[in-house]
Amino acid sequence: IPESSNSLQDYVKDKLSGQMLELFEACQQQSSDLIRKEKCRTQLQKDIQRVYAVARLYLTGSSMNGLGCRSSDADMCLVIKGNKRPDPIQVLSVLQRLFRSLSYVERTHLIRAKVPILRFREKGSDLEFDLNVNNTVGIRNTFLLRSYAYADLRIRPMILVVKKWAKHNQINDASKGTLSSYTLVLMVLHYLQTLKEPVLPSLQRDYPESFNPFMDIDMVPEGPKYVPPYSSTNQSSLGDLLLGFLRYYATVFSWDKQVISVREAKTFPNNNSREWRNKFICVEEPFERNNVARAVHEKMKFEAIKAQFAESWRILRQRKDLNSILPVRAII
Ligand code: ATP
Ligand code: MG
């Protein structure tokens, strides 16, 4: 271990940082949670292969990317390879019928969104699943996020607290026109990449082979194996990073002029092309030219999001106590 390597305690010398660490330790996904999800995945894949012999089921999202909470759902992607791309709605309808015959599945329903999903629960538990078909970009970005999550010790606590803060303040629900967790994560990574002393690099720029967008999907989970931790000169505490994050989106970031690119570790100007035209928030999907924040389409919701950043920054800078913006006890 190099002499300069830090432990998380080095970033937790003040009260606010200590509260963040405490919340993280209480809420982060446990290995028992992942084992339960993985067990369901294995059984489901087996049952699905009775209908789609060559299909493979992948766990994605926060269950796999290192940014999950105990209460996080299990996102999954069913990959059906072949020359003829199957219609996702049709596949999910078939699965819905199949799942109704499975003893360990309940409350199955189909959501006809842009990326259609089948939502269901493990019987008798609160474990919820969201399954899509062939939305493989979700597998690629899961392993990119996972590499960011482990690139620096501060990333996972920082992001978990931001997610809890956003959920508590009702700005973390894409189905209600606010921010998806995925968008929030990219916003945090962007902030950490663009500090004067960055806490994160662009991993796609520094390790292009590990995150090659054309890599065979079966290889994607192995891709980032050799990405080492990033050695940042930035020694800010967890609390200072949280304050800085709120300040950045309250006072520095230009929502109407800038597009967030984690892929390039910078913003680029909103040039009014199709993806960014008339959007309130522009956050680029790292593997596609797509706006992951397109769910924010009402002016009122957009204003509420901005107001939350401004208000939380104002409060937290006055009183550096996490409880002033997020009731920690109630959440743990
Ligand atoms: P939570 O712990 O709140 O469930 P999460 O990390 O699972 O958070 P979600 O917003 O539920 O985040 O998204 C789950 C996964 O789906 C993401 O990790 C990503 O792989 C994929 N995803 C979500 N939204 C998009 C999008 N707009 N474009 C591409 N992939 C997306
Ligand atoms: Mg999820």
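Bear in mind the structure is a predicted one, so any value in this text is a computation, not a measurement. Atoms within each ligand, like the ligands themselves, are counted from 1 in listed order.
Geometry at the Mg ion (ligand 2): OD2/D75 and OD1/D73 form an angle of 100°, nearest 10 degrees.
When non-hydrogen atoms are compared, ligand 1 lies under 4.0 Å from neither the backbone nor the side chain of E288. Proximity of D130 to ligand 1, defined as any heavy-atom pair under 4.0 Å, is not found for any part of the residue.
With respect to E106 and K123, no salt bridge is recorded, no charged nitrogen being found less than 4.0 Å from a carboxylate O. Electrostatic pairing of R289 and E275 counts as a salt bridge here, judged by a charged N lying under 4.0 Å from a carboxylate O.
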F302/H297 under ring pair (Phe, Tyr, Trp, His ring centres under 6.0 Å): CA gap, chis, key distance, verdict: CA-CA 8 Å; F302 172 55; H297 56 83; over 10 Å; no
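The closest protein non-hydrogen atom to atom 4 (O) of ligand 1 is D73 OD1, 3.1 Å. Protein heavy atom in closest approach to atom 6 (O) of ligand 1: S62 CB, 3.3 Å. Atom 17 (C) of ligand 1 has as its closest protein heavy atom Y182 CD1, 3.8 Å.
Looking at S63, G138, S181, it is S181 that brings a heavy atom closest to atom 3 (O) of ligand 1.
Cluster membership for M76 and V137, using ILVMFWY side-chain heavy atoms within less than 4.5 angstrom, is not shared.
Side chain to side chain, Q29 and K37 meet the donor-acceptor criterion of an N or O pair below 3.5 Å.
Ligand-side atoms of ligand 1 in range of K163: 1 (P), 2 (O), 6 (O), 8 (O), range being under 4.0 angstrom from any heavy atom. Heavy-atom contacts of D75 reach the following atoms of ligand 1: 7 (O), 11 (O), 14 (C) (cutoff under 4.0 Å). Atoms of ligand 1 found under 4.0 Å from any heavy atom of E285, numbered from 1 in the order shown, are 28 (N), 29 (C). Ligand 1 places these atoms under 4.0 Å from at least one heavy atom of S72: 2 (O). Here is the list of ligand 1 atoms found below 4.0 Å of a heavy atom in G61: 7 (O), 14 (C), 15 (C), 18 (O). Atoms of ligand 1 lying under 4.0 Å from any heavy atom of T142, numbered from 1 in the order shown and given with element: 20 (O).
Ring geometry, Y191 versus F245: the interplanar angle exceeds 60°, so the pair is classed perpendicular (tilted spans 30 to 60°). In this structure, F309 and Y249 have tilted ring planes: the angle between them lies in the 30° to 60° band.
Because its NZ or CZ atom is not both nearer than 6.0 Å to the ring centre of F120 and within 45° of the ring axis, R107 does not count as a cation-pi partner of that residue.
Under the 4.5 Å side-chain criterion, counting only non-hydrogen atoms from C-beta, L16 is not in contact with D321.
A heavy-atom separation below 4.0 Å is found between N141 and ligand 1.
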